[in-house]
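Below is one structure, written out as structure tokens, with a few remarks after it.
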Amino acid sequence: QLSTIFLCPSATLTSLSLHQCRTLTNEVFVSMISSLESLQHLDVSWTRIGGQQREKVADGTIVRDKPDIFARIPKGLLTLRAELCDQINNANVVSISESCRSLVLLDLSGTRVGDFGIKALVSGLGSTLQNLNVSLCKWISAEGCGRLSGFKSLRSLDASGTLLDDDALSLIALGLLERELVNLNISKCRNLTNGALGILAQSFSKSTALAFLNLGANNFNDEGIVSSQFLSHLPPSLILLSLAWAAISDDGLKTFHPSTPCKLRSLDLSWTRVTTAGIALLLDKCPSVHHLNLSGVQKVTPELRQHFA
């Protein structure tokens, strides 16, 4: 299939998926992509392309860098998915930021992008990018995570499994939640503390668009929920909330006193310490909840579990 596309490129092709093409080389990718001038959507996830290429000059003794493989990507590209391309690094991301100024969606989850790459993205795509995924990017420091607040048009951010901490979250809350951010996933960020709940609670009053919030598998507990009154400050636009694996019980749920009509429809409390009594109290205050994940929750009645199965 790769050879067919390579030999018969179509100038009008707008979407190309190379997902899991593990034999794809940088050379073939460059030859292929440079001929697809109308390409708007590209998926190279789970491939091995990327990294810095080097070549020998005429005498065979001097090594120099080749042009980056993303330098010739079509300028009209709108979406680029590079999930788990573990060879993609900062140099590649710099080329992406310089070559693809029209990008609205970029998935770099599981790549080797670091602080320098994030800085380049903010500089090149800060006013256009709407959807960014840097999940599991371990090379981005807490300071680098804070730089994510520089994106002015971001609607969706997935920073799960990163080194995000409370200070970085403060910048994100100030820079993104007060704009038009709709989806925020900061699950599995083990550097976050209960203080993060207070940061979010304070910013919720200025958030008018946030609809999906994933806080699962973080170090949150009842003390943080109670002291921040987090559940009482949820934005009225929120329809999905995940607190999965949090050390919260009915004591935390009792603080749910929304000041505005609750529109929450989906709540994930899987593997928490809540009971039937606490859930009943919450549902009484927020009857809009239609989907409740109770996987791993021990102290709930079979009837309640069946109702939301």
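A quick note: this is a predicted structure, and the numbers were derived from the prediction, not measured.
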| field | Hphob cluster co-occupancy, Val28 + Ile33, side-chain heavy atoms under 4.5 angstrom | value | yes

| request: Locate the shortest heavy-atom distance separating Cys85 from Thr111; write the atom from each residue and the value. | output: O-CG2, 3.5 Å

| message | Can you pull out every salt bridge (charged side-chain N to carboxylate O under 4.0 Å, His left out) where at least one residue sits in residues 144-173? Sequence neighbours excluded, please. | response | Glu143-Arg147

| field | Contacts of Phe212 that satisfy ring pair (Phe, Tyr, Trp, His ring centres under 6.0 Å) - sequence neighbours left out | value | none

| request: Could you walk me through whether Leu163 and Ile140 pass side chain to side chain contact (heavy atoms under 4.5 Å, CB included), step by step? | output: CA-CA 7 Å; Leu163 298 178; Ile140 305 175; over 6 Å; no

| message | How about CZ on Arg101, more than 12 heavy atoms from neighbouring residues, nucleotides or ligands closer than 6.0 Å, or not? | response | yes

| said: So Leu18 and Met32, do their side chains get closer than 4.5 Å, heavy atoms only? | reply: yes

| said: Please evaluate residues Ile88 and Val113 with respect to the criterion side chain to side chain contact (heavy atoms under 4.5 Å, CB included), reporting the C-alpha separation (whole Å), side-chain torsions for both, the decisive distance (0.1 Å), and the verdict. | reply: CA-CA 7 Å; Ile88 289 181; Val113 61; 5.9 Å; no

| query | Where the side chain of Asn218 meets the backbone of Phe220, is there a donor-acceptor pair that is under 3.5 Å apart? | reply | no

| Relative to the ring of Phe230, is the ring of Phe204 parallel (under 30°), tilted (30 to 60°) or perpendicular (over 60°)? | tilted

| Quick one: does Asn131's side chain have a donor or acceptor within less than 3.5 Å of a partner on Asn133's backbone? | no

| field | Least distance between heavy atoms, Leu129 atom then Phe151 atom | value | CD2-CE2, 3.8 Å

| field | Whether Asn194 side chain and Leu197 backbone form a donor-acceptor pair below 3.5 Å | value | no

| query | Can you name the closest pair of heavy atoms from Ala142 and Ala168 and give their distance? | reply | O-CB, 3.3 Å

| task | Taking atom CZ of Arg179 as the centre, report whether more than 12 heavy atoms of other residues, nucleotides or ligands fall under 6.0 Å from it. | result | yes

| remark: Residues Ser127 and Ser153: closest non-hydrogen pair is O-OG, 2.8 Å

| Hydrophobic cluster (4.5 angstrom, side-chain heavy atoms) - remaining members for Phe116 | Val94

| task | Start with the C-alpha distance between Leu269 and Leu243, add both sets of side-chain angles, then the distance that settles side chain to side chain contact (heavy atoms under 4.5 Å, CB included), and finish with yes or no. | result | CA-CA 6 Å; Leu269 294 174; Leu243 292 170; 4.3 Å; yes

| query | Could you walk me through whether Ile225 and Thr255 pass the side chain to side chain contact (heavy atoms under 4.5 Å, CB included) check? | reply | CA-CA 8 Å; Ile225 295 287; Thr255 63; 3.6 Å; yes

